Amino acid sequence: MTSIARRTLLASGFSLALAPIASPALAAPAQPWLTYERRLRGLLADPPGGDFDPDFEQTLADLNTLIRRREGAPPLAWDAGLAAAARAHAADMAVTEHFDHLTREGYSPAGRVGLLARDLVGAPAENIAMRRNADAAVRPDQIMNQWRDSPGHRANLVAPGFTHVGYGALRQGPRVIAVGAYAEVAARLAGPAPLSVRSPDEIARALSNAAPPIRQFSVSEPGGEVLTVTYVEGRPPSALPPGAWQLRPHLSSGEHRYQLAWGPVFVLA
């Protein structure tokens with residue numbers, strides 16, 4: 001995660017206010033993100049032209065553990081939210097026939113994880129693969145070997161900082177579309193954050209029981225790197241424009257330093 005300089009933070013109760021750090025603060029339009037979230041959840045419920053293969057997905061995780069063990073990296077824990085993001089993107093690529101980390105509309109892995117892993121705060125990454133064998137069913141080791149032999153994909157498989165993973169494998173007859181969603185999970189919310197909120201205070205309440213505690217956060221456009229406003233304790237309140245935003249929690253990484261993480265996407269009415 002990205003280190004950032006420490007901002008003013010008071011040690012009083014979790015009562016947050018806005019401090020602008022870029023102007024103007026512009027949200028992403030809300031409706032496209034709501035539509036994308038419904039699309040992904042619909043694909044999870046009714047995968048196109050085939051079905052998800054849980055055994056295939058678990059074998060990918062087992063093979064990943066073997067590769068990490070050889071590299072001296074700790075195993076990755078399975079995460080249901082990451083698995084949902086992986087399955088949903090595999091199904092979405094099957095529908096659109098657009099095989100990329102970015103959808104044609106520009107939705108990114110960070111945005112997908114923010115929509116579907118509603119209690120996760122961390123740093124996400126993604127591998128994708130599509131394979132069709134001429135004379136036999138696609139096997140998990142063939143997908144894993146594709147990733148292992150590609151430097152960029154291999155880096156995600158063995159990254160020592162990643163802690164969690166979820167795999168999605170959509171089998172459509174002779175074709176398999178597979179996605180790996182990886183993350184360094186730095187914090188967990190006590191429960192899933194709401195997607196639609198009426199005020200930023202609802203987001204503050206969702207973060208209030210995070211472990212470890214989150215006492216400061218920024219927001220950005222979903223999947224975006226540019227921070228627009230930062231919540232800090234003890235400052236006069238200011239309005240956040242309506243639209244789609246993604247939480248960017250600040251997590252303490254030592255004296256006077258914070259790590260900038262990714263959190264859930266929310267839509268402010």
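Just so you know, these numbers come straight off a predicted model, no measurement behind them. Just so it is clear, the values below take in all heavy atoms, side chains as well, and ignore hydrogens, waters and symmetry mates.
With respect to E37 and R112, no salt bridge is recorded, no charged nitrogen being found less than 4.0 Å from a carboxylate O. Using a 4.0 Å cut-off between charged side-chain N and carboxylate O, R188 and D79 make a salt bridge. We find that R154 and D149 are not joined by a salt bridge, their nearest charged nitrogen and carboxylate oxygen being 4.0 Å or further apart.
In this structure N156 satisfies the side chain to side chain contact (heavy atoms under 4.5 Å, CB included) test together with A125, N127, F162, Y182, sequence neighbours excluded. Scanning for side chain to side chain donor-acceptor pair (under 3.5 Å) contacts around T163 gives an empty result, with sequence neighbours left out. Under the rule for a side chain to side chain contact (heavy atoms under 4.5 Å, CB included), the partners of A129 that lie at least two apart in sequence or sit in another chain are I143, Q146, W147. For the side chain to side chain contact (heavy atoms under 4.5 Å, CB included) test, residues two or more places apart in sequence or in another chain that qualify with P47 are D51, F52, L170. For P222, the side chain to side chain contact (heavy atoms under 4.5 Å, CB included) test picks out A28, W33, A244, Q246, V265, with sequence neighbours left out.
Taking OG of S108 as the reference point, atom CD of E225 lies at 9.0 Å (rounded to 0.5 Å). L44 CG to D92 CG: the interatomic distance, rounded to the nearest 0.5 Å, is 10.0 Å. Distance check, rounded to the nearest 0.5 Å: CD of Q172 to CZ of R132 gives 8.5 Å. How far CG of L63 is from CG of N145: 8.0 Å, rounded to the nearest 0.5 Å.
Looking only at distances, no side-chain donor or acceptor of R175 sits under 3.5 Å from a matching main-chain atom of R171.
Members clustered with L120: L82, V113, V185, by chain and number, using a 4.5 Å side-chain heavy-atom cutoff among hydrophobic residues.
H89 places a side-chain heavy atom less than 4.5 Å from the side chain of E126.
Under 3.5 Å, the side chains of H98 and T103 contain no donor-acceptor pair of N or O atoms.
More than 12 heavy atoms of other shown residues, nucleotides or ligands fall within 6.0 angstrom of atom CZ in R38.
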- [ ] For the pair I203 and F217, evaluate side chain to side chain contact (heavy atoms under 4.5 Å, CB included) and give the outcome as yes or no after the intermediate values.
- [x] CA-CA 10 Å; I203 295 301; F217 63 90; 4.1 Å; yes
